Amino acid sequence: MATRILRLMGWLGIAVASIALVAQHGLLPGERYAYYVFGAGMACVIACVLGQWRGIARIFDRPLTRYGAAAVTGVLIVLCVVGATRQSRLSDQTLAVLARLDSPLTVVVFERPFELQRWQDELKEYEYASRRVSAEYVDPDTQPAVAKQYQVQQYGTAVCTYKGRTEPVDSFTEQALTNGIARVVFDQQRKLYFTSGHGERDTASSEPGGYGTMSAALGRDRFTVGTVEISRQGGVPGDAAVLVVAGPRTDFVPGDIDALTRYLGNNGKLLMALDPPVKPDAPPLTNLIALAHDWGFDVGNDIIIDASGLGQILGVDASVPVASNYPLHPITPGFTLLTAFPLARSVSPVTGGVNGRSPQTFVETGPNSWAETDATALVAGGEVTVAFDEAKGDRKGPVSIAAAVSAPSVRSDGGDPTGTPAAGARVAIVGDSDFASNAAVTTQGNKDLFLNTIGWLSA
């Protein structure tokens, strides 16, 4: 009787472990608990083997059985290894945020039932990565009171709740979810400054070229947005979590560059969005471009032309490069949205780096694009009139349009070995400032790209 029970346990254990293995890889419901079910199944198999080891040893005396047993053993080993090595596809940044959870975190998703799958696919990874994370799904049409309770006014909104705090998320991408979780977990307000005094974008403007929409989005990301005129204030404020230079029309004077250099030397975080010179009388940004080169960036004196036809999807012409390719970088993990850059220049890493700094491209155009060197002759009568000419120095795509670099941290205490090192300096440069303007920020991934870049800069 005992032997029959042990055999039944063995077969039952194999069946349970196999089902759990399938569920563990997302093919059946219950993925969150599949690991424990898998362990229980394997425990049954081990108990069966230990309870019948003498009989199993006698069977191994037969040559044919030995071969079969070896095959079965191999299958069991594979099951154990596969079951124990289920990998999360979440980024290291997301895993680091989840590791900081010390209380339950709930993500409440407000969505119509036929749109839930995309949220479920993303959130099951979070639930697998941390037992403190759970997801709830609410149909606003059938549960309007719950939607009102969380002040949700549109489909496709999630609300992260943690220790009594709430934070809305309006996208199901990993970047948006992790940023929302980080905001509600860390609950800190940071100061972000835009430079002024050089014709930069107006952060308060609601005009097409203004940055009012993006400033509001930064506020929702718990940034306090301010402006700083470096020459007048004598440098970058000490509380600046990130400094943004957005579309300057005139160059920075040497004193301004010195202030930026000091800021970066003290672990500063800088984003520069530098437009190409499309007018014959446009003043060159010589000093800013020299600073960029010191950090390993080659800011091209060109303009990117996109002949791929992707722009037609967004209703724009070839003077607006559309990117769908994002090389591996922490700013764009799993990023799949289209981004558009009206009148953009190339920004590429300098080959071999500069001063030990080697930037990485995180946005590039497709192969049917090129960097046009005759930028000032680009537009005539409102139409693109240039053609690729390698003899003139035009550079065939893909063309890097944005890159970033980080430097080792510098101790804020001046090098005292007992001091606590701060996060190192970080610099990101985009060859266009229009992409984050009110007119362009609604383009698929433009807002997310800008916010992701700020998120990476601010660590």
Side-chain angles (χ1 to χ4, degrees), residues 189-205 207 209-212 214-215 218-219 223-301 345 347 354-355 357 359 402 404-405 407 410 412 414 422-438 450 453-454 457-458:
Q189 200 82 11
R190 292 161 293 176
K191 197 66 180 282
L192 182 146
Y193 289 93
F194 284 83
T195 61
S196 63
H198 311 87
E200 294 96 332
R201 300 281 175 168
D202 186 347
T203 59
S205 173
E207 295 297 316
Y211 265 36
M214 189 55 69
S215 294
L218 287 166
F223 282 99
T224 299
V225 177
T227 59
V228 56
E229 191 171 345
I230 295 176
S231 297
R232 185 181 300 274
Q233 295 183 222
V236 180
D239 63 347
V242 180
L243 182 70
V244 181
V245 180
R249 296 179 184 175
T250 60
D251 199 10
F252 280 37
V253 299
D256 294 342
I257 297 297
D258 290 342
L260 293 182
T261 300
R262 290 194 302 271
Y263 172 66
L264 292 174
N266 193 32
N267 306 311
K269 313 295 188 293
L270 175 66
L271 169 61
M272 292 198 291
L274 305 178
D275 296 311
V278 293
K279 295 181 179 180
D281 59 345
L285 304 177
T286 305
N287 294 331
L288 282 172
I289 291 175
L291 174 66
H293 187 272
D294 287 344
W295 282 82
F297 298 88
D298 182 7
V299 178
N301 186 28
R345 73 199 309 163
V347 176
V354 177
N355 301 323
R357 302 159 181 156
V405 68
V410 178
S412 57
R426 291 183 173 184
V427 180
I429 302 182
V430 183
D432 175 48
S433 69
D434 296 278
F435 85 100
S437 67
N438 297 329
F450 186 92
T453 304
I454 296 296
L457 286 168
S458 63

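We're numbering straight along the sequence, starting at 1. As the structure is a computational prediction, the values presented were derived from the model and not from experiment.
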Could you tell me the separation between the CD atom of Gln233 and the OH atom of Tyr193, rounded to the nearest 0.5 Å?
-> 7.5 Å

If you measure from CG on Asp251 to CG on Asn287, what distance do you get to the nearest 0.5 Å?
-> 4.0 Å

Check salt bridge (Lys or Arg N to Asp or Glu O under 4.0 Å) between Asp434 and all other residues, then give those that pass, not counting sequence neighbours.
-> Arg201

Show me the donor-acceptor pairs within less than 3.5 Å that the side chains of residues 240-250 make with the rest of the protein, sequence neighbours left out.
none

Arg190 and Ser458, any side-chain heavy atoms less than 4.5 Å apart | yes

Test item: Tyr263 side-chain N/O and Lys269 main-chain N/O as donor-acceptor pair under 3.5 Å = yes

Could you state the interatomic distance from CZ (Phe297) to CD1 (Ile429), rounded to the nearest 0.5 Å?
-> 4.5 Å

When every non-hydrogen atom of Gly212 is compared with those of Asn438, the smallest separation belongs to N-OD1, 3.3 Å

What is the distance from atom OG1 of Thr195 to atom CG of Leu271, rounded to the nearest 0.5 Å?
-> 10.0 Å

Measure the spacing between OG1 of Thr227 and CD of Glu200 and express it to the nearest 0.5 Å.
-> 9.5 Å

Report the relative orientation of the aromatic rings in Phe450 and Phe435; use parallel for angles under 30°, tilted for 30 to 60°, perpendicular for over 60°.
-> tilted

Of Leu288, Asp258, Leu285, the one forming a side-chain contact (heavy atoms from CB on, under 4.5 Å) with Phe252 is Leu288

Salt bridge (Lys or Arg N to Asp or Glu O under 4.0 Å) filter on Glu207, not counting sequence neighbours, yields none

Does Arg357 use its side chain to pair, donor to acceptor, with the backbone of Asp294 at less than 3.5 Å?
-> yes

Which pair of heavy atoms, one from Tyr211 and one from Ser433, lies closest together, and at what distance?
-> OH-O, 2.6 Å

Distance col, row Arg232:CZ vs Ser196:OG, nearest 0.5 angstrom, shows 8.5 Å

Heavy-atom pair with the smallest gap, counting every atom of Val299 and Arg345 | CG1-NE, 3.5 Å

Pairwise side-chain contact, Leu264 with Thr261, heavy-atom cut-off 4.5 Å (strictly under) | no

